Amino acid sequence: MDVIFAEATPSGRGGVSIIRLSGSGSRSAVEALAGSLPQPRQVYMRALRDHDDLLDHALVLWFESGHSFTGEEVAELQLHGAPVIVRRVLRFFAEQGMRPAEAGEFTRRAFLNGKMDLAEVEGLGDLLEAETEAQRRMALRLSGGELGRRSEDWRSMLIRAGALVESSVDFADEEVPEDVPDEVFRILADLHQQLTTQISGFAAAERIRAGFEVAVIGPPNAGKSSLINRIAKRDVALVSDIAGTTRDIIELRIDLKGLAVTLLDTAGLRESSDHVERMGVDRARQRAMAADLRLHLSETGECDPSLWQEGDILVRSKADLDSGRGDAISSVTGQGIDQLLEQLHLILSDRISGAGLVSHERQLLSLMDARLAISEIEGLPPELLAEAIRRAANSLDRLLGRIGAEEYLDVIFTSFCIGK
Ligand SMILES: Nc1nc2c(ncn2[C@@H]2O[C@H](COP(=O)(O)OP(=O)(O)O)[C@@H](O)[C@H]2O)c(=O)[nH]1
Ligand SMILES: [Mg+2]
């Protein structure tokens, strides 16, 4: 494989910038700048010279193939974080005939060299995107190979079941077919159960990864935009006493005590003769229905029953206007808003309590295929049973990207940054 290189740190001015190379020849490429680097995995402080031109003093190191992130020979330079230095060093490598890496190409090589399975790759992508504690924790489990280890356990169950089926075929008398041992069905029922647990934990895990959507809805002038702004501690939405001000849906992404939540500010729900406002209201209704939860806000404490779903929250607004509204919130004084966020957090936390490891649709589909293969196997003749076991094992191979990964690779890696 050709040598690829990229800046691994975000481009721009910083304390330190890291450039990384991968492929056979990475070490000598860096040595051409830094002089001899005898030992792998040892950090050297070196002057970098492009011929006679001193470029920088930098820390450099390299990893031998088989002992690096990508599985290939890898070298890394820690430069002073000035764009002009980075530019010169990148240009030097390009002039040596090396190639700038594409987005995610280092990780792609790690996958192709068997350093990571596809679920770990997805976990790494999640980790790089993680914004909240819950996302970070989940991404670390996935990128740390937990699904791969679980999958190995499932595979050994399938291998054991398969061997038992084979032996019942081998020893069967031509005339009297041997029964498939009960243990086969016990193993497969156990596996079926374990897969079901993972599959049922998908929705919650996916919510942690992608975040929850909470729609703030209610009549015009209820104070929806003011509440969003109060939570944002800045003006994200236009506020006015003119009903019908908010028309498009405005999204506010917040970290709710570790959970990623997108709050949606929507057009006030009312009949309107204004064509554009009506479009806004229709859109608000659709988005609100699809959201994970609706926060119904009004001065009166009423809500539109056609939009109410189990688990929604009903809140009265403008507590400061009327001392009788004890349980109401105020976006002017801030009354009740912390409690409201606390309540929201409790409800959403409850929804992720059964979260499993599987948080990507691709992973879910493989598990569902595996489960389907070993469903309704009672009474199957040994050949069909062996076939079902092979299909289940195939699905687990797909889960880890051992087969059928090609169609996913481009999608996964284009969402990675260059340099990862
Ligand atoms: N006194 C008081 N006025 C509020 C409060 N929240 C919003 N308002 C006012 O109510 C009007 C409508 O607010 P807005 O946030 O645009 O409501 P929306 O149409 O539901 O988005 C504006 O004049 C706000 O200043 C509140 O908690 N207390
Ligand atoms: Mg509004």
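Numbering of ligands and ligand atoms starts at 1, following listing order. Numbers here simply count residues along the sequence, with the first being 1. Values in this document were obtained by computation on a predicted structure and should not be read as measured data.
By the 3.5 Å distance cut-off applied to N or O atoms, D265 is not counted among the residues near ligand 1. When only interatomic distances are considered, the shortest N/O to N/O separation between G223 and ligand 1 falls below 3.5 Å.
Look at S225 and the Mg ion (ligand 2): an N/O/S atom of the residue is under 2.8 Å from the metal.
A side-chain donor from one of S22 and E72 sits under 3.5 Å from a side-chain acceptor of the other. Side-chain atoms of D265 and S225 form a donor-acceptor pair, as typed in the model, at a separation below 3.5 Å. No side-chain donor from either of S395 and D369 sits under 3.5 Å from a side-chain acceptor of the other.
Tested against V214 for a side chain to side chain contact (heavy atoms under 4.5 Å, CB included), the candidates I313, L264, I347, L348 yield a single pass: L348.
Within the structure, ligand 1 has A222 among the residues with a heavy atom less than 4.0 angstrom away.
When non-hydrogen atoms are compared, ligand 1 lies under 4.0 Å from the backbone of V239 as well as from its side chain. Proximity of N221 to ligand 1, defined as any heavy-atom pair under 4.0 Å, is shared by backbone and side chain alike.
For R108 and E105, the salt-bridge test fails: no basic side-chain N is under 4.0 Å from an acidic carboxylate O. Salt bridge present: R150 and E146 bring a charged side-chain N and a carboxylate O closer than 4.0 Å.
Closest heavy-atom approach to atom 10 (O) of ligand 1 within the set K318, Q335, R316: this belongs to K318. Between the choices S331, A328, G268, S226, the shortest heavy-atom distance to atom 7 (C) of ligand 1 belongs to S226.
No donor-acceptor pair under 3.5 Å is formed between the side chain of R20 and the backbone N or O of A8.
At the top of the distance list for atom 22 (C) of ligand 1, counting protein heavy atoms only, stands S240 O, 3.7 Å. When hydrogens are left out, the protein atom nearest atom 23 (O) of ligand 1 is D241 CB, 3.5 Å; that is the closest non-hydrogen contact. The nearest protein atom to atom 1 (N) of ligand 1, hydrogens excluded, is given as D320 OD2, 2.7 Å; this is a heavy-atom distance.
For the atom pair H80 NE2 and R13 CZ, the distance stands at 13.5 Å (nearest 0.5 Å).
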